[in-house]
Amino acid sequence: MTNLTHHHIDARGIRLHVVEQGSGPAVVFCHGFPTTWVSWAHAMQTTADAGFRAIAFDMRGYGESDAPGDANLYTPFQTVGDVIAILDHFEIAQTILVGHDFGANIAWNAAMMRPDRIAAVFGVSVPFLQPGGPSFLDQLRAAGADGFYMFDQMTAEADVKWANATHSIPASLYWLSGEAPAELRWDPFDPDRHMLRLAPSAPTTIDPAYVQEMVRVFGRTGFHAPLNYYRAIDAFFAVANRAFAGCVIKQPSFFLTGAADGLNAVRSPTEESLRPTLPGLRGFVALDGVGHWPQLEAPDAFDAALVSFLRSLGERQRFNVCGV
């Protein structure tokens with residue numbers, strides 16, 4: 001087992017908690033909502049054992065990293081900047097990004113904005129949203145889909161709804177997992193099937209130590225800053241839909257999702273549907289019986305797909321601007 005090294009770095013004005021393990025080509029992991037770098041612990045170990053330098057961090061607003069109060073400081077313009085600042089701090093010319101949930105959004109946008117620094121992307125649960133035209137939220141508003149879960153997450157009241165981590169962490173883990181019965185599982189379009197309903201327990205497929213750690217961390221930090229990622233979506237697309245309209249991700253990429261993830265109802269991702277905006281797509285996997293937390297619900301299957309992709313890149317592609 002390779003030892004973990006913890007750093008607290010000044011990433012150009014924001015203090016970030018960064019964790020690394022192993023040596024070799026750099027692989028940077030970006031987590032989503034609501035978790036911390038710990039969600040990548042299993043994948044980091046496997047990645048390090050495979051001959052890579054695994055780097056994860058608490059995204060701004062989470063864990064031991066700084067948590068600005070202003071929602072406008074949580075757009076991909078800032079969060080991609082955090083990734084680049086980490087690379088600069090450790091003098092890493094290029095990296096492969098692995099991102100889940102909001103972390104996937106950051107990974108895709110980093111590849112779009114900084115193809116000179118991002119050699120490849122392994123996206124999890126959230127596909128690339130190509131800028132241009134009405135944003136996906138504006139499309140939902142126009143369609144009258146007022147019950148879509150993100151609209152509730154953007155409200156000030158969401159802070160209170162999530163505040164009790166002893167309830168909200170296991171409940172959200174359960175209802176978004178593949179363990180919840182299909183007819184009751186979280187539905188992003190149905191407010192009656194929301195993720196904070198009373199749950200029988202956290203999913204048995206997820207390590208109880210992870211659940212306890214998340215309850216401890218969010219019991220200390222609260223959820224206001226993490227929820228700011230939702231509140232920043234409109235501000236980002238207001239700019240990105242003009243500046244980056246029609247952009248595609250040409251670097252080598254891979255998309256993995258849980259076949260039972262409720263988010264699939266938003267985009268219904270398939271290899272064929274993703275390829276027009278991901279011309280460098282090298283593979284697509286939907287893990288049966290797995291929900292929104294693939295790296296936690298099925299860590300061995302997740303790690304196998306990730307390491308296979310990393311090895312497929314080859315030494316040359318890891319360190320050159322790929323397909324740009």
Side-chain angles (χ1 to χ4, degrees), residues 29-36 38-43 46 98-105 107 122-129 147-150 152-153 161-162 165 167-215 218 223 226-227 229-230 254-271 273-274 283-306:
F29 293 82
C30 303
H31 69 77
F33 176 91
T35 183
T36 68
V38 177
S39 64
W40 297 119
H42 194 283
T46 303
V98 181
H100 170 248
D101 189 76
F102 268 107
N105 183 53
F122 189 94
V124 187
S125 302
V126 172
F128 174 54
L129 295 175
F148 186 60
Y149 83 105
M150 283 190 176
D152 187 66
Q153 297 281 75
K161 293 178 181 179
W162 280 89
H167 165 74
S168 57
I169 290 296
S172 58
L173 285 171
Y174 178 80
W175 292 117
L176 271 68
S177 76
E179 191 168 313
E183 68 276 11
L184 298 175
R185 192 176 300 140
W186 173 67
D187 183 334
F189 292 99
D190 185 351
D192 290 333
R193 288 167 62 177
H194 63 84
M195 64 183 79
L196 293 179
R197 290 168 288 163
L198 184 65
S201 67
T204 60
T205 52
I206 295 179
D207 184 353
Y210 168 81
V211 181
Q212 293 169 10
E213 175 65 5
M214 292 304 101
V215 170
F218 286 97
F223 292 88
L227 287 163
Y229 283 81
Y230 293 95
F254 196 100
F255 186 73
L256 183 147
T257 190
D261 188 349
L263 271 186
N264 293 336
V266 180
R267 295 283 301 281
S268 301
T270 65
E271 186 168 354
S273 69
L274 296 177
F284 173 95
V285 167
L287 296 175
D288 289 337
V290 174
H292 186 61
W293 322 104
Q295 71 274 42
L296 299 172
E297 297 178 66
D300 291 338
F302 178 89
D303 292 357
L306 172 59

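Computed from a prediction, not measured in an experiment: that's the story for all the values here.
Taking the side chain as every heavy atom from C-beta outward, Asp261 and Trp293 never approach each other to under 4.5 Å. Inter-residue side-chain proximity for His194 and Asp187 is flagged as unmet; no heavy-atom pair is nearer than 4.5 Å. Taking 4.5 Å as the limit, some side-chain heavy atom of Ser172 sits within range of a side-chain heavy atom of Trp162. Between Val38 and His31 the shortest side-chain heavy-atom distance does not fall below 4.5 Å.
Residue Leu256 comes nearest to Pro294 through the heavy atom pair CD2-CB, 3.6 Å, listed as atom of the first residue, atom of the second, then distance. For the residue pair Glu179 and Thr205, the shortest heavy atom distance occurs at OE1-N, 3.5 Å. Closest approach of Ala199 to Ala171, counting heavy atoms only: CB-CA, 3.9 Å. What you find for Ala43 and Leu306 is that their closest heavy atoms are CB-CD2, 4.5 Å. Smallest separation of non-hydrogen atoms from Phe255 and Pro127: CE1-N, 3.5 Å.
Here the options are Tyr230, Tyr149, Phe102, Tyr229, the test is ring-ring contact (aromatic ring centres under 6.0 Å, His included), and the partner is Phe33; only Tyr230 passes.
Looking at Glu213, its side chain never comes within 3.5 Å of a backbone N or O of Ala209 through a donor-acceptor pair. Using a distance-only test at 3.5 Å, with no hydrogens or angles considered, a donor-acceptor pair links the side chain of Asn264 to the main chain of Gly258. Formation of a donor-acceptor pair under 3.5 Å by the Glu297 side chain with backbone atoms of Gly291 is found in this model.
Interatomic distance, NE2 of His292 versus CG of Leu176, reported as 6.0 Å (0.5 Å rounding). One distance of note links CG of Leu184 with CZ of Arg193; it measures 7.0 Å at 0.5 Å rounding. Atom CG of Leu263 and atom CG of Asp101 lie 7.0 Å apart (nearest 0.5 Å). Put simply, OH on Tyr210 and OG1 on Thr35 are 2.5 Å apart, with the number rounded to the nearest 0.5 Å. From Met195, atom CE reaches atom OG of Ser168 across 11.0 Å, with rounding to the nearest 0.5 Å. In this structure, CG on Leu173 lies 10.0 Å from OG on Ser201, to the nearest 0.5 angstrom.
With respect to the salt-bridge test (charged N to carboxylate O, under 4.0 angstrom), the residues Asp192 and Arg197 do not qualify.
The side-chain tip of Arg185 does not point at the ring of Trp175 from less than 6.0 angstrom away and within 45° of straight on.
A donor-acceptor contact under 3.5 angstrom links the side chains of Asp303 and His42, judged on distance only.
Taking the six-membered ring where the residue is Trp, His100 and Trp40 present perpendicular rings, their angle passing 60° and hence far from 30°.
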(message) Apply side-chain contact (heavy atoms from CB on, under 4.5 Å) to residues Ile206 and Val211 and explain how you reach the verdict.
(response) CA-CA 8 Å; Ile206 295 179; Val211 181; 4.1 Å; yes

(request) Evaluate the side-chain contact (heavy atoms from CB on, under 4.5 Å) criterion for residues Phe218 and Phe223: first the C-alpha distance (whole Å), next the side-chain angles of each, then the deciding distance (0.1 Å), finally the verdict. (result) CA-CA 7 Å; Phe218 286 97; Phe223 292 88; 3.5 Å; yes

(request) Report the C-alpha distance between Lys161 and Asp152 in whole Å, list the side-chain angles of each, state the deciding distance to 0.1 Å, and finish with yes or no for side-chain contact (heavy atoms from CB on, under 4.5 Å). (result) CA-CA 10 Å; Lys161 293 178 181 179; Asp152 187 66; 2.7 Å; yes

(message) Run the ring-ring contact (aromatic ring centres under 6.0 Å, His included) test on Phe302 and Phe122 for me, step by step, so that the C-alpha distance in whole Å, both residues' side-chain angles and the decisive distance to 0.1 Å come before the verdict.
(response) CA-CA 11 Å; Phe302 178 89; Phe122 189 94; 5.7 Å; yes

(message) Val266 vs Phe189, test: side-chain contact (heavy atoms from CB on, under 4.5 Å). Steps then yes/no.
(response) CA-CA 9 Å; Val266 180; Phe189 292 99; 4.1 Å; yes

